[in-house]
There are 2 protein chains.
Amino acid sequence: MPTILNSEHMLRTAGLRVTRPRIAVLTAVYDNPHADTDSIIGVVRDELGAVSHQAVYDVLRALTAAGLVRRIQPSGHLARYESRVGDNHHHVVCRSCGSIADADCAVGTTPCLTASDDHGFAIDEAEVIYWGQCPDCLTTQTSSPTRSP
Amino acid sequence: MPTILNSEHMLRTAGLRVTRPRIAVLTAVYDNPHADTDSIIGVVRDELGAVSHQAVYDVLRALTAAGLVRRIQPSGHLARYESRVGDNHHHVVCRSCGSIADADCAVGTTPCLTASDDHGFAIDEAEVIYWGQCPDCLTTQTSSPTRSP
DNA sequence: CACCCAAACTTGATTGATTCAAGAAATTGG
DNA sequence: CCAATTTCTTGAATCAATCAAGTTTGGGTG
């Protein structure tokens, strides 16, 4: 996790003003990978006291736009944020409990970045989400198969 | 697009009761790839007259659970539905206008299905979303680069 | 060092897709 | 044809996220 000075420098380098809410949010995302907005609000309030949810929403948007954090939002789930940026890693999402883990793709650093037919689109990112069951849900489940034979 | 008889057979085969709303929704998804729920409601009402939005939501959920249609929901966008199922194709999404096109991955039929480290997850699907700019938005845009050098 | 102004935060309300709930209608197996 | 369960209708509720207006603050300027 970044120190306050590191956070400050990261913000300045990105051309963002340095405020206590921004430092707290940036630190919270580093300390809590894949946390949703509500969790981050909680962490920030533990750190600073009263902070409006609107401020956290604004900060998360600014940090995402600046490339300091990355927003991920698996289908049917809330938006989540993480600090690993720029390394083109992907995510494994549990269909049962929604937990998320990081996954570096087996193919290489930029997997599947070239679609066979891009329909004239200028593609700049390939986002991969692996869907499945996490270890906990695998052992816990007694029945309820995903798709019976 | 499937005939009414085909739709009926598909529903029965999937173990679903055959109703007019279900036939209409299934046909609408076939006729309008990547349509969102609201568009589908409109198409269904053009076909049948009054149909509750709740019915369409329920039907879309049932069809998705049965594997007759596929739900896709790019981050920050509404849920959309399509009829191509089981062929592991992917999608290109325009960052500007949100339009979606199909893309078969260059790597093969099941690209990247094995993550280098799956953290003990039992993975059953790899969902890939290519992000970029569609041809229309590429020509229209005068400035506003995504990330300046 | 005081001032200024745009950016950032607070407060409070609103949006809008989706879901929940209870009763009416329709499908299908017997 | 009838009963039982599923499905549809109606109407309300949820809740993450956004919008809006006013206040505060960061950080460069004179």
Side-chain angles (χ1 to χ4, degrees), chain A residues 4-5 7-29 34-45 47-66 68-69 71-81 98, chain B residues 4-5 7-26 28 34-45 47-66 68-69 71-81 98:
Chain A
I4 291 181
L5 283 180
S7 302
E8 206 176 314
H9 183 251
M10 292 171 69
L11 289 168
R12 275 189 217 289
T13 304
L16 299 173
R17 288 193 181 176
V18 178
T19 67
R20 284 158 57 67
R22 287 187 170 175
I23 292 174
V25 168
L26 188 52
T27 306
V29 173
H34 312 140
D36 59 26
T37 308
D38 221 50
S39 303
I40 294 171
I41 290 175
V43 173
V44 168
R45 286 184 177 158
E47 179 75 19
L48 299 185
V51 178
S52 68
H53 69 121
Q54 186 62 58
V56 177
Y57 272 98
D58 285 347
V59 171
L60 284 172
R61 174 183 302 213
L63 295 182
T64 303
L68 294 183
V69 306
R71 175 193 169 112
I72 52 182
Q73 189 176 22
S75 183
H77 292 264
L78 301 183
R80 291 156 177 267
Y81 296 86
Chain B
I4 290 182
L5 284 180
S7 302
E8 207 177 313
H9 182 251
M10 292 172 69
L11 289 169
R12 276 188 215 287
T13 304
L16 298 173
R17 289 192 180 177
V18 179
T19 66
R20 281 158 60 68
R22 288 188 169 173
I23 292 175
V25 169
L26 188 52
H34 311 143
D36 60 25
T37 307
D38 222 49
S39 303
I40 294 171
I41 290 175
V43 173
V44 168
R45 285 183 177 159
E47 180 74 21
L48 298 185
V51 178
S52 69
H53 69 123
Q54 186 63 57
V56 176
Y57 273 98
D58 285 348
V59 170
L60 285 171
R61 174 184 301 213
L63 295 182
T64 303
L68 293 183
V69 306
R71 175 192 170 110
I72 53 183
Q73 187 176 25
S75 185
H77 292 265
L78 302 183
R80 293 157 176 267
Y81 295 86

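The sequence lines fix the lettering, A, B, ..., with proteins before strands; numbering per chain opens at 1. Below, each value reflects all heavy atoms present in this structure, side chains not excepted, and no hydrogens, waters or symmetry copies.
A:Arg71 contributes atom CZ, which lies 13.0 Å from atom CG of A:Leu63 (distance to the nearest 0.5 angstrom).
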Side chain to side chain contact (heavy atoms under 4.5 Å, CB included) between A:Val25 and A:Val43, worked out | CA-CA 8 Å; A:Val25 168; A:Val43 173; over 6 Å; no
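Residues passing the side-chain contact (heavy atoms from CB on, under 4.5 Å) test with B:Ala14 are B:Leu16, B:Ala66, B:Leu68, sequence neighbours excluded. Shown here are the side-chain contact (heavy atoms from CB on, under 4.5 Å) partners of A:Ser7, two or more places apart in sequence or in another chain: A:Pro2, A:Ile23, A:Leu26, A:Thr27. With sequence neighbours left out, A:Arg12 forms a salt bridge (Lys or Arg N to Asp or Glu O under 4.0 Å) with A:Glu8. For A:Asp36, the side chain to side chain donor-acceptor pair (under 3.5 Å) partners at least two apart in sequence or on another chain are A:Ser39. Contacts of A:Ser75 classified as side chain to side chain donor-acceptor pair (under 3.5 Å), with partners at least two apart in sequence or in another chain: B:Gln73.
When heavy atoms are screened at a 4.0 angstrom cut-off, A:Ala50 is found touching the sugar-phosphate backbone but no base atom. Backbone-only engagement by A:Ala79 is indicated by non-hydrogen atom pairs under 4.0 Å involving sugar-phosphate atoms exclusively.
Sequence neighbours left out, not one pair with a member in residues 15-25 of chain A passes side-chain hydrogen bond (donor to acceptor under 3.5 Å, both in side chains).
When all heavy atoms are compared, the tightest approach of B:Tyr81 to B:Thr37 is CE1-OG1, 3.7 Å.
B:His9 NE2: 12 or fewer foreign heavy atoms inside a 6.0 Å radius.
Between the CG atom of A:Leu48 and the C1' atom of C:dA8 there is a distance of 14 Å, given to the nearest Å. At whole-Å resolution of the value, CG in A:Asp58 and C1' in C:dA6 are 15 Å apart.
Boundaries of the chain A contact region on DNA chain D are D:dA16 to D:dG27, first to last in 5' to 3' order (nucleotide atom under 4.0 Å from a heavy atom).
The C1' atoms of five pairs define one axis at each end of the helix from C:dC1-D:dG30 to C:dG30-D:dC1, and these two axes lie 30° apart (to 10°).
With the nearest nucleotide of DNA chain C identified for both B:Gln73 and A:Val51, A:Val51 has the one nearer the 5' end.
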Take nucleotides 19-30 of chain C nucleotide by nucleotide from the 5' end and write B, S or -, depending on whether a protein heavy atom sits under 4.0 Å from the base, only from the sugar-phosphate, or from neither.
-> BB------BS--
Check: residues 47-61 of chain B side-chain donor-acceptor pairs under 3.5 Å, at least two apart:
residue: B:Ser52; atom: OG; partner: B:Ala55; partner atom: N; Å: 3.1
residue: B:Gln54; atom: NE2; partner: B:Asp58; partner atom: OD1; Å: 3.1

